[in-house]
Amino acid sequence: MAYNFSKIEKKWQEKWESSSVFKAFEDDKKKYYQLEMFPYPSGRIHMGHVRNYSIGDVVARFKRMQGYNVLHPMGWDSFGLPAENAAIKHGIHPNKWTLENIEDMREQLKGIGLSYDWSREVTTCQPDYYKWTQWIFIQMYNKGLAYKKNYAVNWCPSCETVLANEQVIDGKCERCDSEVGKKELDQWYFKITDYAQRLLDDMDKLEGWPEKVKSMQTNWIGRSEGAEMNFEIKDSSEKLNIFTTRPDTIYGVTYMVLAPEHHLVDELVKGTEYEEKVQKFKKKIETMSDIDRTSTDVEKEGIFIGRYAINPLTKKEIPIYIANYVLIDYGTGAVMAVPAHDQRDFEFAKKYDIEITQVISEDGKEIKNLSEAYINKGVMINSDKFNGLSSDEVKSKIIKHIEDLKIGNKTVNYRLRDWLISRQRYWGTPIPMIYCDDCGIVPIPEDSLPVLLPTDVEFTGKGESPLLTSGKFVHTNCPKCGKKARRETDTMDTFVDSSWYFLRYTDPNNKDEVFDKSKAKYWMKVDQYIGGVEHAILHLLYARFFTKVLYDMDLSPVDEPFKDLLTQGMVLKDGAKMSKSKGNVVSPEEIVNNYGADTARLFVLFAAPPARDLEWNDQGVEGCYRFLNRVYRLVDETRDIYKNYKNSDMKKLDKRDKEFNYSIHNTIKKVTEDVDERFNFNTAISGIMELVNDTNKFKENLSNDTKKALLAESIETIIVLLAPFVPYLTEELWSMIGHTESVHSIKWLKYDKKALVKDEVEVVIQINGKLRDKIMVSSDVSKEELEKIALKSEKVKEFVKGKSVRKVIVIPNKLVNIVAN
RNA sequence: GCCGGUGUGUCGGAAUUGGCAGACGACCGCGACUCAAAAUCGCGUGCUAUAAUGGCGUGUGGGUUCGAGUCCCACCACCGGCACCA
């Protein structure tokens, strides 16, 4: 008979709920803030959620049993496109759709037995939350960290909205995979570039973060050191400002290249014979998609614009080109070209027959007929007073030289761009700004926040904000002068909402402040944050940025939000991520209905270590279910022995008793360390499985009271160690054996060090490093004695026959290696 | 091209400090129980030769060591990030 999981799970879920055991209060106990990334309320939970939240729940329950004051909250990242699309498609208002989904998903999450403090639930689409998102926006605006600019932005034609750089993956929309185009628009930005260096530097503090995530963020920020320099243009008062990482190659600059969009191009060719050709070339490049343009296999192509710059050090006139391989977005959009020492410039110079001047050589001699750019370090040549020096030391000398000449300076360039946050959609936090003809851009006064989303809008799915269709919303009065004014109709990127929710959890119901700093001080940082690696750049970078901004405003008590980070792997089936289109989805509901939530949890925790991808396996689920049934039967069969013998004295332990006692305490040690130090839930569970197997064997022979007492101890150990993993079953078993308090509120077990001292140990005997025999010896035997015993072994005698023993390595209680030849 | 990660049975994976490779689970095979099946329980299960004792084996090649999945060097494959980035 299988145990009745549905009855058990329902019973305990109700009990836990009515007793609100998982509520967190600030007190003087040591705190632990366990957080998993909150979900988008799509309406259905998937296996990724089950995995993410099960991992977090194990940690929360474990830390609680260890005596920590645990904060384990849950909420909803509930603004976003699917709600709006549902409105367009089915005519349901996004608010209704979202709130109903939240109701459904909350029930599903509760079903999995997650120990959340639901009284702290935050919902980003509700005014009591987004009021503070707007408030933070205004603080950022006042500090100059939120600003508006006109720029060629990423535009997703399918989502009909703009995208941040971080949301464009390989030229495609992160959400819908459509090819992203460019559009000139007036948009709101956050000045994340001001924080580029701190975001980079403070990664040193993130010791508990995976290397992978830190490396991804480092790549994304893309710092490079170099110099900025002005080149004079012949017959013009304008100067060409360039960025280079190779100031050591300045004497080798033989031409200049500008991005076709560079602001000086039009002016430089105006009225010249080159104007027409240059404009034609510009048109051609502009019509290319970003994907084509940035592909490395596209041939380098450019055109001479008929003007010359002056190399400031050689004073030579050098031609100015525009070319497809120079990007307006990076550096200054202008490049000093050094064909001898840069492969792209080399290919370009060959194609257009431009002079190539070597300035760095391997041995001080010029290479005849260069066949490719020489990109290594070396000895300077053709560089006037720098000749003969190493290119390495010349870098700083030349920077100093150009600084002295006041034509340039040392500088650092980042790939990171400012964060574009306006979206032309309805279902997001309204940007709390007003446009007045007289006063310009005016923030909403703080006491009239929140700016509520209007309800009288049309969902057309067309490329402008639906908020424009609400006359009541758009038309307002200027808070400064009182004249008629217009509201901002764009909403914020939903990543703004999720950039500070972890702070709001520390004080979620505060009506007067974004959060109470003393509460935040008690709970922050998040001790353990868990979520998918797909957020390595987007959410995790934005959240770090926001925390630093709030820290600088003296609001946040910490300048980094997450102490330790775990990026859990994906749930795969048949080697691919579960997805509707591939038809390889296993619904959590189905597993919970057929096997119970405990089995679902146990499987996702047991099948792979948390950070790795998990391959779904129906037979593996069955295996976990069988195991839980075995545990149930074991406890059921021995419950009376437990009740009668749990506190009886253990007299003399025989050999088998000692082994079993060792097994019990070694399992406590292993599970504690696996969960606490290594997050190896899979091996923690396998350790408990071994103890269950051993207990089943041990119970076959209970010939005296000591053995019964040992069995009772083992039963108790199994239930307590399993509690964080399978909360329902363990709660049931705990009450079955006569306890009235919850197993989840008792103290975690401590192992008995004495039980781990063995009288006798198995020692491995190797000959020349190969295993040849195993012997049992008393654990206090001396090194010398152990060596003697080993050499007496029959097998050893056989193997060393005719050889002489050169050396014997003895590791007490472990191994003897005999070297013989 | 640069950066990061991963390579172990048929499969998921274990080996935590350089010390018995393959724990635990799945799969498969055999047996017990049963009229029978399911469930359950027990045994076996890296490859290979064998009557037995053996030989080989952690992506490849080398090295250090009494001893290497683990450390060092060189490479290969796969996954992920960045990338005409000046």
Side-chain angles (χ1 to χ4, degrees), chain A residues 1-2 169-170 210-224 226 242-246 249 257 259 293-301 323-327 329-338 342-345 347-348 375 413-415 533-534 536-537 572 602-603 606-609 611-624 626-627 629-630 633 670 673-674 677-678 680 682-690 692-693 696-697 762-774 795 798-799 806-811 814-820:
Chain A
M1 261 282 283
I169 313 290
D170 293 331
E211 230 20 77
K212 179 161 92 169
V213 174
K214 288 195 269 187
S215 138
M216 282 164 78
Q217 292 205 354
T218 306
N219 286 342
W220 186 257
I221 295 168
R223 180 184 203 271
S224 55
I242 61 95
F243 171 73
T244 181
T245 55
R246 295 293 303 274
T249 62
V257 207
R293 199 168 154 196
T294 54
S295 145
T296 34
D297 354 295
V298 165
E299 200 178 337
K300 285 154 197 48
E301 209 181 335
N324 58 351
Y325 76 92
V326 175
L327 308 172
D329 269 351
Y330 185 78
T332 60
V335 175
M336 59 172 226
V338 189
D342 179 283
Q343 190 56 26
R344 286 159 312 183
D345 296 347
E347 284 165 26
F348 193 85
I375 53 172
N413 217 329
Y414 301 93
R415 215 193 64 94
V533 75
E534 66 273 17
I537 295 172
L572 311 176
L602 189 69
F603 174 74
F606 177 61
R612 269 209 238 177
D613 286 349
L614 183 155
E615 175 71 33
W616 186 265
N617 179 341
D618 291 327
Q619 273 100 35
V621 178
E622 297 259 5
C624 288
R626 277 201 291 269
F627 168 70
N629 274 301
R630 251 192 328 269
R633 279 196 304 273
K670 182 189 166 53
E673 289 170 0
D674 276 352
E677 292 160 28
R678 292 182 284 271
N680 287 351
N682 54 331
T683 54
I685 293 165
S686 76
I688 302 169
M689 286 173 169
E690 283 179 83
V692 170
N693 292 344
N696 268 317
K697 278 184 199 132
E762 190 181 61
V763 169
V764 167
I765 303 181
Q766 298 181 333
I767 293 164
N768 296 332
K770 288 215 162 92
L771 174 71
R772 295 300 179 190
D773 200 6
K774 292 175 184 181
K795 293 226 176 112
E798 213 175 290
F799 272 98
R806 303 275 169 204
K807 197 173 176 185
V808 182
I809 287 109
V810 182
I811 314 285
K814 224 170 208 169
L815 151 152
V816 178
N817 188 15
I818 298 160
V819 185

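Hydrogens, waters and symmetry mates play no part in the numbers below; they use all other heavy atoms, side chains included. Naming: A, B, ... by sequence-line order, numbering from 1 per chain.
Nucleotides U60(B) and G54(B) are separated by 27 Å at their C1' atoms, to the nearest Å. A distance of about 39 Å separates the P atoms of A51(B) and C66(B), rounded to the whole Å. C11(B) and C27(B): their P atoms are spaced 15 Å apart (whole Å). With both ends at atom C1', the span from U17(B) to G55(B) equals 31 Å, rounded to whole Å. Distance check on atom C1': G29(B) versus G81(B) gives 46 Å, rounded to whole Å. C76(B) and G25(B) have their C1' atoms separated by 32 Å, with the value rounded to a whole Å. Of the C1' atoms belonging to A21(B) and C75(B), the separation is 25 Å, rounded to the nearest Å. Atom name P, nucleotides G69(B) and U34(B): the rounded distance is 49 Å, in whole Å.
Formation of a donor-acceptor pair under 3.5 Å by the Asn617(A) side chain with backbone atoms of Gly620(A) is found in this model.
Counting any heavy atom pair closer than 4.0 Å across all strands shown, Arg223(A) reaches no nucleic acid atom. Using a 4.0 Å heavy-atom distance criterion, Asn768(A) is classed as making no nucleic acid contact. Residue Val533(A) is out of contact with every strand shown, counting any heavy-atom pair closer than 4.0 Å. Contacts of Val819(A) with the nucleic acid, taken as non-hydrogen atoms under 4.0 Å apart, involve only primed sugar atoms and P, OP1 or OP2. Among the heavy atoms of the strands, none lies under 4.0 Å from Gln343(A). Residue Glu762(A) is classed as a base contact, given a heavy-atom separation below 4.0 Å to a base. If you check every strand for non-hydrogen atoms under 4.0 Å, Pro210(A) touches nothing.
One can place NZ of Lys795(A) at 12 Å from C1' of G54(B), the figure rounded to the nearest angstrom. Remark: C1' of G54(B) and CG of Asp773(A) are 15 Å apart, rounded to the nearest angstrom. The CD1-C1' distance, from Ile767(A) to C66(B), rounds to 13 Å in whole Å. C82(B) atom P lies 6 Å from atom CD1 of Ile169(A), rounded to whole Å. For Glu673(A) and A15(B), the CD to C1' distance is 15 Å, given to the nearest whole Å. Remark: P of G19(B) and CD1 of Ile811(A) are 10 Å apart, rounded to the nearest angstrom. One atom, NZ of Lys214(A), and another, C1' of G80(B), lie 17 Å apart when rounded to the nearest Å. Distance NZ (Lys770(A)) to C1' (G57(B)): 11 Å, rounded to an integer number of Å.
We find the CD-CD1 distance between Glu534(A) and Ile537(A) to be 12.0 Å, quoted to the nearest 0.5 Å.
Annotation: of the two residues near RNA chain B, Phe243(A) and Leu815(A), the 5′-most nearest-nucleotide partner is Leu815(A). Each of Val213(A) and Val326(A) was matched to the nucleotide of RNA chain B holding its nearest heavy atom; the match closer to the 5' end belongs to Val213(A).
Judged by Watson-Crick or G-U wobble contacts below 3.5 Å, the nucleotide A51(B) has no partner. A77(B) is paired with U6(B) under the criterion used here, namely a Watson-Crick or G-U wobble arrangement in which both key atom distances are under 3.5 Å. Under the Watson-Crick and G-U wobble criteria, each requiring two contacts below 3.5 Å, nucleotide U45(B) is left unpaired. When Watson-Crick and G-U wobble pairs are counted only if both distances are under 3.5 Å, G25(B) pairs with C11(B). In this structure U70(B) sits in no base pair that meets the Watson-Crick or G-U test at under 3.5 Å.
For a distance-only test at 3.5 Å, the side chain of Lys807(A) fails to qualify as a donor-acceptor partner of the base of C66(B). At a cut-off of 3.5 angstrom, counting only N and O atoms as typed in the model, there is no donor on one side facing an acceptor on the other between the side-chain of Asn219(A) and the base of C82(B).
Relative to the ring axis of Tyr325(A), Arg344(A) does not place its NZ or CZ within 45° and under 6.0 Å from the centre.
A heavy-atom distance below 4.5 Å is found between the side chains of Ile818(A) and Ile765(A). Side chains of Glu211(A) and Lys214(A) form a contact here, defined as non-hydrogen atoms less than 4.5 Å apart. Inter-residue side-chain proximity for Arg246(A) and Val338(A) is flagged as unmet; no heavy-atom pair is nearer than 4.5 Å. In this structure, Asp342(A) and Ile375(A) have side chains that are not in contact, with every pair of non-hydrogen atoms separated by 4.5 Å or more.
Neither OP1 nor OP2 of G5(B) sits under 4.0 Å from any side-chain N or O of Arg612(A).
Nearest nucleotide to the side chain of Asn680(A), out of A15(B), G19(B), U16(B): A15(B). For Glu211(A), counting side-chain heavy atoms from C-beta on, the closest listed nucleotide (A15(B), G4(B), C66(B)) is G4(B).
Residue-environment remark: CD1 (Ile809(A)) exceeds the threshold of 12 foreign heavy atoms within 6.0 Å.
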Spell out protein contact along nucleotides 23-34 of chain B as letters: B when the base is contacted, S when just the sugar-phosphate is, - when no protein heavy atom is under 4.0 Å; keep the 5' to 3' order.
BBSSS-------
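Anti is the glycosidic conformation of G22(B), whose angle departs from 0 by more than 90°.
Between the side chains of Asn413(A) and Ser224(A), no donor-acceptor pair is found at a separation under 3.5 Å.
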Report the C-alpha separation of Phe243(A) and Met336(A) in whole Å, then their side-chain angles, then the decisive distance to 0.1 Å, and conclude whether the side chain to side chain contact (heavy atoms under 4.5 Å, CB included) test is met.
CA-CA 8 Å; Phe243(A) 171 73; Met336(A) 59 172 226; over 6 Å; no
